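Inspection log for the structure reproduced underneath, given as structure tokens.
It should be emphasised that the depicted structure is a prediction, and the values quoted were computed from it without experimental measurement. Order of the sequence lines fixes the chain letters, A, B, ..., with proteins taken first and strands second; residue numbering starts at 1 for each chain.
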Amino acid sequence: MNPYRHFIGVIIAALKSMQAAGELPETLDFSAITAEPPRDAAHGDIATNAAMVLAKAAARKPRDIAEPLLQRLKANADVVDGAVAGPGFINLKIADAFWRERLAECLADGLAYGDSRMGEGHAVNVEYVSANPTGPLHVAHARGAVVGDALANLLHKAGYAVTKEYYINDSGAQVDKLGQSTYLRYREALGETIGAIPEGLYPGEYLKDVGAAIAQRDGARWIDKPEADWLPEMRSFAVATLMAEIRADLETLGVDIDVFSSERALVESGAVDSAFEELSRQGLIYQGRLEPPKGQKPDDWEDREQTLFRATQFGDEVDRPLKKSDGGWTYFANDIAYHHDKYRRGFLDMIDVWGADHGGYVKRMRAAVSAITGGKGELDVKLCQLVRVLKNGELVRMSKRAGTFVTLRDLLDEVGPDVVRFTMLTRKNDAAFDFDLVKATEQSRDNPVWYVQYGHARTRSVMRQAAAAGISADGLATAPLDRLVDSSELALVRLISQWPRQVEAAAVAHEPHRIAFYLNDLAAAFHAHWNRGREEPGLRFVIDGDSDLTRARLALVQAVGFVISSGLKVFGVTPVDEMR
RNA sequence: GGACCCGUAGCUCAGCUGGAUAGAGCGCUGCCCUCCGAAGGCAGAGGUUGCGAGUUCGAAUCUCGCCGGGUCCGCCA
């Protein structure tokens with residue numbers, strides 16, 4: 001249960017009874033009412049803005065609504081005290097028993113604690129990574145992969161029917177260049193001297209293996225053939241090989257994609273034509289001319305009549321071309337068809353996770369989704385800003401294979417998937433991020449990966465010690481939780497009760513990083529409580545001669561472990577049982 | 001020239017979609033501990049939320065204009 005959502009219901013019920021008694025107008029909008037933990041715990045457990053939000057519509061002063069509302073709320077069995085404060089807040093103190101019930105809920109649910117039905121089973125498509133199959137994945141892809149994957153897991157936990165999707169850009173000029181680059185490496189593998197890789201082709205050494213593999217398989221059969229003969233073969237072989245590597249990297253990272261969509265297959269199915277027809281039918285296509293970009297003018301600018309989509313009707317700055325001068329579709333046209341395809345597969349909610357270099361593309365894509373779905377579909381784009389990899393503050397460039405950039409594989413070899421995943425989620429996606437390999441693996445308070453894992457390991461360590469002392473961890477959900485009376489124990493119970501709310505809030509906002517900060521807070525509270533046990537032996541978990549108290553405290557410890565595991569599961573990180 | 005992202009303590013960052021006295025870690029200062037329930041504990045100082053207007057009961061949060069950093073800008077994907 002999300003306690004805050006629960007109390008919003010209680011507050012609205014009280015307001016309705018005030019309406020019934022003629023104390024408030026009949027029609028009021030309750031949607032802006034919030035119930036949240038006050039910033040200062042001294043204010044109580046729940047603060048609501050109800051009186052302030054309704055004041056204007058009710059034509060009353062906030063406090064004149066707050067006072068009678070508070071009286072009605074005090075009648076609720078869970079509310080033990082309350083006060084009107086500041087400009088009209090109502091602060092409520094909630095019975096300890098109510099929070100202990102949340103703890104019991106956590107113990108009963110285990111890793112499922114925090115699962116929400118908020119999403120009501122609605123289908124959401126989360127598309128991420130979608131790296132071109134022209135080389136190995138690098139750090140920027142890693143961030144997108146982790147953010148997208150955690151967001152998908154989060155939405156799943158919040159009750160949505162989530163599909164994780166990867167769009168393979170296996171069509172167009174870039175893939176032709178890949179095929180040409182592969183052909184050079186193929187000839188090289190057969191003993192030719194190819195010299196420097198021409199400008200515009202892919203120079204990366206990873207293509208040597210691909211060329212050699214084709215030479216191994218086909219021998220010299222492509223050597224004297226025209227490009228039209230060998231290009232399709234080179235292209236598809238290279239794409240297949242590189243996609244296999246990408247999938248292997250994703251697997252190591254723990255990313256499990258549900259659907260791989262091929263751009264080439266989409267184009268060949270005629271999906272672009274049908275999307276185009278749909279937009280034409282709506283009168284959103286026309287022939288026209290565009291202004292050249294100001295300031296930085298392209299030297300080969302050619303003013304010409306183009307086939308344009310009326311993106312400006314949907315909030316974009318300019319209308320966008322759908323056809324290239326050679327008559328082929330632009331990438332944008334293909335992408336419209338792709339999102340149209342998602343819509344036809346039943347997705348009204350679409351989330352795309354992109355790199356910062358695609359920032360200029362967001363408005364037109366949102367415009368296109370709005371148009372192609374008749375306003376029914378909604379696209380949210382999460383832009384991941386740049387990641388720089390550092391080692392003790394020094395910029396790292398370490399890939400031998402790829403030359404200039406840090407590959408995901410390098411990163412995984414260096415620190416492992418769990419550290420990559422958690423660390424990538426300690427920053428909101430739209431802020432640039434420095435990934436320091438040393439700090440990410442160091443055992444210190446300011447490394448949240450270590451600190452949270454240590455918190456979990458400590459919960460396991462307590463359970464092991466209890467077991468060694470002959471105390472069973474079975475049936476802790478029915479332990480006498482009313483024996484938990486210490487203030488820092490109750491503070492932990494309240495923090496645990498926050499988990500369902502954290503899940504819902506992070507899911508609504510599409511912000512998985514919030515989970516990292518919550519887990520860090522929970523771990524900090526647990527470590528602090530543990531430390532109190534060093535000064536005051538009476539606060540330790542295992543108390544000789546009082547098995548009820550011990551079981552109640554073990555229940556609390558186990559619940560902390562459940563919530564941390566549950567959060568790490570959203571992140572795709574494995575909780576550890578002991579630190580090494 | 002334009003679009004998008006960022007700007008919060010000395011440093012690295014939160015801030016729950018407009019709420020109360022803006023928080024945490026590191027660093028700094030001062031006490032305490034040397035306990036294996038280890039990889040420290042407690043407390044304190046530290047802020048004109050880049051600058052300036054506006055919106056309203058109320059702004060770090062929304063709007064506009066500047067400043068600084070980043071990403072990008074038809075016929076690439």
Side-chain angles (χ1 to χ4, degrees), chain A residues 4 32 34 36-40 43 47-49 52-53 55-56 61-62 85-89 91 130-132 134 169-175 177 200 263 289-298 300-304 306 308 316-321 323-328 330-332 334-335 355-363 381 383-386 426-434 436 439 443-448 450-451 454 458 461-462 465 498 501-502 504-506 508-509 511 513-514 516-518 520-521 524 527-528 530-535 537 540-542 579:
Chain A
Y4 302 87
T34 60
E36 21 185 52
R39 198 185 296 269
D40 186 347
H43 289 142
T48 179
N49 62 355
M52 291 181 289
V53 169
K56 188 172 276 182
K61 288 180 189 164
F89 284 101
N91 292 321
S130 294
N132 294 350
T134 53
N169 298 131
D170 52 0
S171 172
Q174 291 306 312
V175 186
K177 285 177 180 171
E263 180 185 9
R289 290 173 189 276
L290 289 178
E291 296 279 310
K294 288 174 183 168
Q296 186 188 345
K297 47 195 166 191
D300 57 346
W301 176 268
E302 175 200 346
D303 189 25
R304 67 177 182 89
Q306 306 198 79
L308 300 169
D316 202 358
E317 273 81 33
V318 292
D319 292 334
R320 303 291 179 176
K323 282 189 179 175
K324 301 189 277 192
S325 52
D326 67 5
T330 58
Y331 179 80
F332 180 47
N334 290 357
D335 225 0
D357 54 344
H358 288 57
Y361 202 71
V362 174
K363 277 190 182 176
V381 179
L383 283 184
C384 292
Q385 295 295 325
L386 254 57
T426 55
R427 196 78 78 245
K428 50 185 176 225
N429 59 280
D430 43 15
F433 177 39
D434 286 347
D436 194 306
K439 284 185 181 158
Q443 302 197 345
S444 76
R445 174 68 181 90
D446 61 336
N447 177 8
W450 175 83
Y451 197 62
Y454 183 27
R458 260 191 171 162
S461 153
V462 172
Q465 288 182 29
Q498 292 258 334
R501 175 175 182 268
Q502 294 288 340
E504 291 187 355
V508 167
E511 290 184 349
H513 77 276
R514 291 192 197 183
F517 288 91
Y518 169 75
N520 199 56
D521 288 348
H527 288 307
W530 166 291
N531 284 322
R532 287 191 63 202
R534 300 206 298 183
E535 300 288 318
R540 294 186 179 188
F541 302 114
V542 177
M579 307 305 283

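- The residue among A:Ser444 and A:Ala173 whose nearest nucleotide of RNA chain B lies closer to the 5′ end is A:Ser444.
- In the model, A:Asn132 has no side-chain atom that pairs as donor or acceptor with a side-chain atom of A:Thr134 under 3.5 Å.
- Within 4.0 Å (heavy atoms only), A:Tyr451 reaches no atom of the nucleic acid at all.
- For A:Lys177, no side-chain nitrogen or oxygen approaches OP1 or OP2 of B:C76 to under 4.0 Å.
- For the pair A:Glu511 and A:Arg514, the salt-bridge criterion is met [side-chain N within less than 4.0 Å of a carboxylate O].
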Atom pairs under 3.5 Å, N or O on each side, protein against nucleotides 32-39 of chain B: can you list them with distances?
from: B:A38; atom 1: OP1; to: A:Arg534; atom 2: NH1; distance (Å): 3.3
from: B:A39; atom 1: N7; to: A:Tyr454; atom 2: OH; distance (Å): 2.2
from: B:A39; atom 1: N6; to: A:Tyr454; atom 2: OH; distance (Å): 2.9

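- A:Ser171 comes within 4.0 angstrom of the backbone, heavy atoms only, and of no base.
- Within 4.0 Å (heavy atoms only), A:Lys56 reaches sugar-phosphate atoms of the nucleic acid but no base atom.
- In this view, A:Arg39 satisfies the salt bridge (Lys or Arg N to Asp or Glu O under 4.0 Å) rule with no residue, not counting sequence neighbours.
- Because its NZ or CZ atom is not both nearer than 6.0 Å to the ring centre of A:Phe332 and within 45° of the ring axis, A:Arg320 does not count as a cation-pi partner of that residue.
- Looking at residues two or more places apart in sequence or on another chain, you find a salt bridge (Lys or Arg N to Asp or Glu O under 4.0 Å) between A:Asp434 and A:Arg388.
- Residues passing the side chain to side chain donor-acceptor pair (under 3.5 Å) test with A:Asn91: none are found, sequence neighbours excluded.
- For the residue pair A:Asn169 / A:Tyr331, a side-chain donor-acceptor distance below 3.5 Å is found, with atom types taken as modelled.
- Listed by chain and number, the residues in a side chain to side chain donor-acceptor pair (under 3.5 Å) with A:Asn531 amount to none (sequence neighbours excluded).
- Residues forming a salt bridge (Lys or Arg N to Asp or Glu O under 4.0 Å) with A:Lys363 (at least two apart in sequence, or on another chain): A:Glu317.
- A search for side chain to side chain contact (heavy atoms under 4.5 Å, CB included) contacts involving A:Val175 returns A:Arg235, A:Val239, not counting sequence neighbours.
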* Dot-bracket line, read 5' to 3' along RNA chain B, where crossing pairs take [ ] and | marks a partner on another strand, Watson-Crick or G-U under 3.5 Å -> (((((((..((((.....[...)))).(((((.......))))).....(((((..]....))))))))))))....
Check nucleotides 2-4 of chain B against the protein and report each pair of N or O atoms closer than 3.5 Å, with its distance, or say if there are none.
from: B:A3; atom 1: O3'; to: A:Lys363; atom 2: NZ; distance (Å): 3.3
from: B:C4; atom 1: OP1; to: A:Lys363; atom 2: NZ; distance (Å): 3.3

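- Between A:Asp430 and A:Gln385, the side chains place no donor N or O within less than 3.5 Å of an acceptor N or O (distance only, hydrogens not considered).
- Residues passing the salt bridge (Lys or Arg N to Asp or Glu O under 4.0 Å) test with A:Asp319: none are found, sequence neighbours excluded.
- For the C1' atom pair drawn from B:G52 and B:A60, the interatomic distance equals 16 Å after rounding to whole Å.
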* For nucleotides 11-29 of chain B, read 5' to 3', which letter fits each nucleotide if B means a protein heavy atom sits under 4.0 Å from the base, S means only the sugar-phosphate is that close, and - means neither? -> -SSSSBB-BB----SS---
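- Looking at residues two or more places apart in sequence or on another chain, you find a side chain to side chain donor-acceptor pair (under 3.5 Å) between A:His527 and A:Arg458.
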